[in-house]
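Working notes for the structure below.
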Number of protein chains: 2
Amino acid sequence: MKALSKPKTATIYEVARHAGVSIATVSRALRDSDLVTESTRARVRAAVEALSYTPNQLGRSLAEGRHAANGIVFPDLTGPYYAEVVLGYEEAASELGRSVLILATHGRRDAEAAVLDLAGRVDGLAVMGNTVGDDTVRSIAATGVPLVLLARPPVDGVDTIRTRNERTAAELAAHLLAHGHRRIVFVGDPEAAPDMAGRYAGLAKTMRAHGLPRPDCRPCSYDVEAGERIGAELMADPPDAVVCANDEVALGVHLAAEAAGRSVPHDLAVTGWDDVLAARFAGLTTVSQPMRELGATAARWLDGRIAERTAGPERATPRRRVLPTQLVVRRSCGSHPVETPNPLGGTA
Amino acid sequence: MKALSKPKTATIYEVARHAGVSIATVSRALRDSDLVTESTRARVRAAVEALSYTPNQLGRSLAEGRHAANGIVFPDLTGPYYAEVVLGYEEAASELGRSVLILATHGRRDAEAAVLDLAGRVDGLAVMGNTVGDDTVRSIAATGVPLVLLARPPVDGVDTIRTRNERTAAELAAHLLAHGHRRIVFVGDPEAAPDMAGRYAGLAKTMRAHGLPRPDCRPCSYDVEAGERIGAELMADPPDAVVCANDEVALGVHLAAEAAGRSVPHDLAVTGWDDVLAARFAGLTTVSQPMRELGATAARWLDGRIAERTAGPERATPRRRVLPTQLVVRRSCGSHPVETPNPLGGTA
DNA sequence: CGTGGAAATGAAAGCGCTTTCAAAGCCGAA
DNA sequence: TTCGGCTTTGAAAGCGCTTTCATTTCCACG
């Protein structure tokens, strides 16, 4: 009850007074449709119009006992990866009549607190990748807010959706091996995220199956600059192929190779992951993932969980899903292009 | 008051009972710090812990008379443009202690209603580009919710932030003219958005200043495919240069030109707008915009407006700001590259 | 005209929290 | 021991809305 001068926007009471009815009638006129006379509804509408009344959703939500909003937590929004997921999530949520609250953790120290706070503002929450630890996830789950983890290691009793990493990485590795590449380096940190671990595992397993040693590993952050740096280091003794954790890194490695006078794919092959737009123009072999669908699925699962929760407290078994990913072969791995062959290659 | 079986998450009442104090004390223990004995606070904390209590933000916000949340409305999130703006907005808002609600209108019919609804859930709202009409903007403004328009034509009495279009487009045109290009086509729809109108205007003005006719105009949507289509049409009688509304379209035109056996920039120049990552790898001349800053500025302005509003109802004069943009010359316009010369050009 | 039942409306009780105001508890000084 | 003044706590009034339940109104029919 701040004693500040009130910039009051109209409330339901003023509308009621203005229309000469009770607040109950205003409420009904604004929703129930068929419980109110047409003439009354008209009066209410006129009052609403006259006062520029917009219902305060806080009051409404509190009375209804639901936020009518979902949250999503992601590390960042640079690059299309998370943006697409968020978009798919928003689209699905909004069709289900829920607003979407976003929270980007960046590298914030207080991320855990921010996520906990967010959990108190929503009916359901999606948590992506490297944002908060398992403890926080468990805390949220304990509050009873339905939760879905995305592209993140599962936590007991919590729903999880991921994209396929290991198998497609194995496919990619097989492809590279089939083209004669033997010395392959992985750029990325298998320790950092389970997605990365899966990609490395797929690569390593396939190489072992071919009697080759475990591939080298160069941890780094996931942007173009990091790729350029690692790429430059690698150029001292170039491997046959560089398998990168994502497209940004791969593009960086690509740049570094060219800068060192090495030609991709002639001198070495480079591959990425995510299939960003730039990958297409750089002719980068990569893996495309159903990111939009990842987000949309999360929103729908949450909706289901929220409904269950309202219906009864019997805790269902956690769901798991792995969405398929697809290898996109372009010229950067030195093989028969299957898509947009050499799009801008003629450019001098 | 749904009569459904309650999946109740703990309320302040239970915490109070569990700790043997009143709800007022619990509330204070959780915030005011210095109005509560240390021992009492400890008891409350223990109860909170034991019950996995998370304050319901609805109740809190309703009591405080603020949502502690801001909204942002944008058409889409594909491509880095809006994503970056949203990110900047989120970052700034979150520093100011506000959550962020997003709303993507896509091409939705009911966008206006959705935006109005959103307006009732936030303390301040940013509205970007082609999402809702002036009428809706005025309705929102009338409800008293602080509002900022982004990259959108101004509306009376409402704050607006834009990026510079006309002047930088003129610069771009001058650059092209200086390199001998005379017949220039604009791909984009000046009618569709004020940003586009500005870009076209800058181009047209400069050409007129050089005694050249008003450039042709090819309206289209703003994705790679549309660019390819228009590009293919243009290849029947290629102009000297194609100035595109954004990078995606320019990349499409680029592809179409190559597909038709024309070389960029030798046979024709192509330019874009936005400086997406792919532009760098396609060697595309473009214009970079401070998108993050656009979003961050909006968040900060809103915070200011919200504070003013709380302080008193005297309506300040609307603010306007135009953020500078920067021409990024690469090889696609046939001129002296100033950045990443021909990054992957050597690739066969 | 009177009556019963359906339809429309209003009164009031919350939803979970913050905050004011008053009461209670505590301390040292008299 | 008692009293004044400060600190800590509790009771209760909202915040803006929905919804139950009771009341009123309106008709068609007898």
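Excluded from the calculations below are hydrogen atoms, water molecules and symmetry mates; all remaining heavy atoms, backbone and side chain alike, are included.
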Worksheet item: dT19(C) P sits how many Å from Leu30(B) CG, rounded?
Response: 13 Å

Discussion item. Checking side-chain polar atoms at under 3.5 Å, does Thr297(B) have a donor or acceptor matched by the opposite partner on Arg321(B)?
Written reply: no

Worksheet item: Within less than 4.0 Å of OP1 or OP2 of dC17(C), is there a side-chain N or O belonging to Ser61(B)?
Response: no

Discussion item. Looking at Asp134(B) and Arg152(B), is there a salt bridge between them, counting it only when a charged N and a carboxylate O are closer than 4.0 Å?
Written reply: yes

Worksheet item: Between Arg60(A) and dT18(D), does any side-chain N or O lie under 4.0 Å from OP1 or OP2?
Response: yes

Worksheet item: Between dC17(C), dG10(D), dT19(D), which nucleotide has the shortest distance from any of its atoms to the side chain of Thr25(B)?
Response: dG10(D)

Worksheet item: Which whole-number value in Å describes the distance from Arg17(B) CZ to dG16(C) P?
Response: 13 Å

Worksheet item: Leu62(A) has an atom CG; how far is it from atom P of dT19(D), in whole Å?
Response: 12 Å

Discussion item. Please tell me if Arg31(B) has a side-chain N or O lying less than 4.0 Å from either OP1 or OP2 of dT18(C).
Written reply: yes

Worksheet item: Does a donor on one side chain and an acceptor on the other come within less than 3.5 Å for Ser94(A) and Arg108(B)?
Response: yes

Worksheet item: Taking only side-chain nitrogens and oxygens of Ser22(A), does any of them come within less than 4.0 Å of OP1 or OP2 of dG10(C)?
Response: yes

Fill in: Protein-nucleotide distance (Arg43(A), atom CZ; dA8(C), atom P), rounded to Å
14 Å

Discussion item. Nearest whole Å is fine: how far is dG16(D) C1' from Tyr13(A) OH?
Written reply: 7 Å

Worksheet item: Thinking salt bridges, do Glu64(B) and Arg31(B) make one under a 4.0 Å N-O criterion?
Response: yes

Worksheet entry | CD1 on Ile102(B) to CD1 on Ile72(B), rounded to 0.5 Å | 9.0 Å

Practice prompt. Let me know, please, whether Val36(B) or Thr54(A) comes out on the 5' side of the other along DNA chain D by nearest nucleotide.
Written response: Val36(B)

Worksheet item: Are Thr37(A) and dT9(C) close enough that a side-chain N or O sits under 4.0 Å from OP1 or OP2?
Response: yes

Discussion item. Nearest to the side chain of Thr40(B), heavy atoms from C-beta on, is which of dG10(C), dA12(D), dT8(D)?
Written reply: dT8(D)

Discussion item. The side chain of Ala63(B) is closest to which nucleotide in this list: dT9(D), dT19(D), dC15(D)?
Written reply: dC15(D)

Discussion item. Rounded to whole Å, how long is the line connecting atom CG of Asn56(A) with atom P of dC17(D)?
Written reply: 5 Å

Discussion item. Could you tell me how far apart Ile23(B) (CD1) and dG10(D) (C1') are, to the nearest whole angstrom?
Written reply: 10 Å

Worksheet item: How close or far is atom P of dG16(C) from atom CD of Gln57(B), stated in whole angstroms?
Response: 14 Å

Response to the item:
Taking dG16(D), dG10(D), dT18(C) as options, the one with an atom nearest any side-chain atom of Ile12(B) is dT18(C)

